[in-house]
Protein chains: 2
Amino acid sequence: MASITRRPAADPSRRAAVEADVLAATERLLAAGATYTELGVQRIAAEAGVARSTFYLYFRDKTELLLRLAAQLGDVSFSLVGGWSPTEPAALDELAASLLRVIRFYRDRRHVLAAVLEVAGYDRTIGEFWEEQLGMFIDRAHELLVAEQAAGRAPADLNAPTASRVMIWGGMRVIADHVVNRPADEDASVAREIAANEWFGAFRRPAA
Amino acid sequence: MASITRRPAADPSRRAAVEADVLAATERLLAAGATYTELGVQRIAAEAGVARSTFYLYFRDKTELLLRLAAQLGDVSFSLVGGWSPTEPAALDELAASLLRVIRFYRDRRHVLAAVLEVAGYDRTIGEFWEEQLGMFIDRAHELLVAEQAAGRAPADLNAPTASRVMIWGGMRVIADHVVNRPADEDASVAREIAANEWFGAFRRPAA
DNA sequence: TTTCTGCCGGACAACGTGTCCGACAACATG
DNA sequence: CATGTTGTCGGACACGTTGTCCGGCAGAAA
């Protein structure tokens with residue numbers, strides 16, 4: 001029970017510091033090649049220089065740790081492309097530039113990204129988290145596609161909901177793989193390719 | 001040690017029958033909503049009407065079970081699209097038709113597909129298996145794209161390797177999700193959308 | 001010095017995997 | 001019928017993981 005007559009001795013920042021240590025330790029272990037699934041709390045705590053039982057004073061469980069690691073993963077990257085709109089004549093170039101920013105952002109956090117994708121497959125909480133992140137992109141793509149169709153610039157028979165999912169899922173998956181397994185000097189090339197695919201495959205797809 | 005002076009009493013088909021029982025039981029449990037990860041050998045053996053220790057007489061471990069469940073997943077589906085080639089004028093329609101066949105094939109086996117995707121995230125063996133399956137598709141797409149570029153029908157500045165990965169990963173992911181979460185009456189529409197996306201986004205992408 | 005706080009370290013129960021082994025029933029063979 | 005072989009059972013085992021709990025200790029505030 002907390003004392004009322006006396007200010008808690010807890011350093012205001014101490015708690016945050018330990019938390020940051022644990023997060024950093026986890027990233028370090030992931031970067032060293034560990035799979036999040038095979039990474040035990042024991043190992044994480046040791047790397048962070050903390051008792052295993054202490055870990056549970058800071059995180060309810062491994063899922064919450066991953067959730068916190070991944071916190072801004074989607075939000076930030078969304079802000080990097082959310083502003084794009086299909087306005088000629090520079091739309092394609094701008095889309096490629098936006099995607100390049102996203103790729104670079106993810107490259108910095110590629111191990112966390114890989115962990116999220118890995119765990120999303122069997123953990124409901126992480127799965128829903130990632131679905132939600134992708135949802136932002138999908139909704140935005142859908143919105144833009146519908147508008148383009150209304151303006152007659154995208155074909156009316158394009159299936160906007162499906163096209164959105166194809167674009168985002170495909171794009172994300174490729175970016176994730178690229179960023180984990182391929183060198184940074186191909187980033188721009190991949191960004192251009194994805195952009196062109198989305199542009200001519202959906203936004204400016206010729207009428208069937 | 002097996003007796004030599006005497007023919008083994010083992011029914012020729014009994015072993016195969018038990019194996020089939022286990023495979024069927026697993027599919028049943030997956031279809032009932034279980035996650036492959038959370039599905040214990042205990043549970044599978046019970047459902048198959050076999051002792052847990054007997055399971056290990058038939059399968060080295062859970063991974064081998066999944067591998068056997070997934071055996072033809074890729075090969076068969078590849079045979080459904082492997083024959084397609086971008087020959088005008090019916091190429092787009094034929095691509096959509098091929099993809100529809102793939103979608104229907106996967107729909108029948110959607111729970112196994114979901115399990116493979118789930119486990120591929122953290123199990124090396126399954127991951128490599130799936131990568132190999134996708135590799136067939138990617139290689140084929142790449143081959144076709146390069147030929148189309150050589151013939152001047154696809155733009156020379158298209159990045160064939162990346163475009164292949166975008167197409168296949170995106171397509172597979174969307175198909176997998178569609179087949180697991182959406183009704184069968186949208187199958188044709190999804191097939192058409194993916195086909196159009198690949199056709200106009202890569203094979204017949206306008207020159208930049 | 002006293003009192004409170006937070007962390008340690010270790011034990012615990014529950015569960016899962018893969019291995020091993022003795023028991024037993026079915027069955028072909030002599 | 002007696003016998004030996006085979007395959008399965010069922011349970012124990014070692015090992016590793018997760019998340020909880022609690023006694024004890026060190027250090028800082030009063």
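Note on naming: letters A, B, ... go to the chains in the order of the sequence lines (proteins, then strands), and numbering restarts at 1 for each one.
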**Message:** What is the separation between atom CG on Leu57(B) and atom C1' on dC21(C), rounded to the nearest whole Å?
**Reply:** 12 Å
**Message:** Between Glu193(B) and Arg205(A) (salt bridge meaning N to carboxylate O under 4.0 Å), is one present in this structure?
**Reply:** yes
**Fill in**
Quick tally for nucleotides 10-20 of chain D: nucleotides whose base has a protein heavy atom under 4.0 Å get B, sugar-phosphate-only ones S, the rest -, giving BBB-----BBB
**Message:** Is it the case that the ring center of Phe137(B) lies less than 6.0 angstrom away from the ring center of Trp130(B)?
**Reply:** no
Show me the protein contacts with nucleotides 24-26 of chain C, counting only N or O atoms at under 3.5 Å.
none

**Asked** Reckon Tyr58(A) touches a base, only the sugar-phosphate, or nothing at all at heavy-atom distances under 4.0 Å?
**Response** sugar-phosphate
Identify all side-chain donor-acceptor contacts of residues 165-175 of chain B below 3.5 Å with residues at least two apart in sequence or on another chain.
none

**Prompt:** Can you find a heavy atom in the side chain of Phe59(A) that is under 4.5 Å from one in the side chain of Glu19(A)?
**Reply:** yes
**Request:** Tell me, please, which residues at least two apart from Arg52(B) pass side-chain hydrogen bond (donor to acceptor under 3.5 Å, both in side chains).
**Result:** none
Atom pairs and distances, side-chain donor-acceptor, residues 103-121 of chain A, under 3.5 Å, sequence neighbours left out:
| from | atom 1 | to | atom 2 | distance (Å) |
| --- | --- | --- | --- | --- |
| Tyr106(A) | OH | Ser77(A) | OG | 2.9 |
| Arg107(A) | NE | Asp187(A) | OD1 | 3.4 |
| Arg107(A) | NE | Asp187(A) | OD2 | 3.0 |
| Arg107(A) | NH1 | Arg182(A) | O | 3.1 |
| Arg107(A) | NH2 | His178(A) | NE2 | 3.4 |
| Arg107(A) | NH2 | Arg182(A) | O | 3.0 |
| Arg107(A) | NH2 | Pro183(A) | O | 3.3 |
| Arg107(A) | NH2 | Asp187(A) | OD1 | 2.7 |
| Arg109(A) | NH1 | Phe105(A) | O | 3.4 |
| Arg110(A) | NE | Arg107(A) | O | 2.9 |
| Glu118(A) | OE1 | Tyr36(A) | N | 3.3 |
| Glu118(A) | OE2 | Tyr36(A) | N | 3.4 |
| Glu118(A) | OE2 | Thr37(A) | N | 2.8 |
| Glu118(A) | OE2 | Thr37(A) | OG1 | 2.4 |

**Message:** The criterion is side-chain contact (heavy atoms from CB on, under 4.5 Å); which residues satisfy it with Asp61(B), sequence neighbours excluded?
**Reply:** Thr63(B), Glu64(B)
**Centroid-centroid under 6.0 Å between Trp84(A) and Phe203(A) rings** = yes
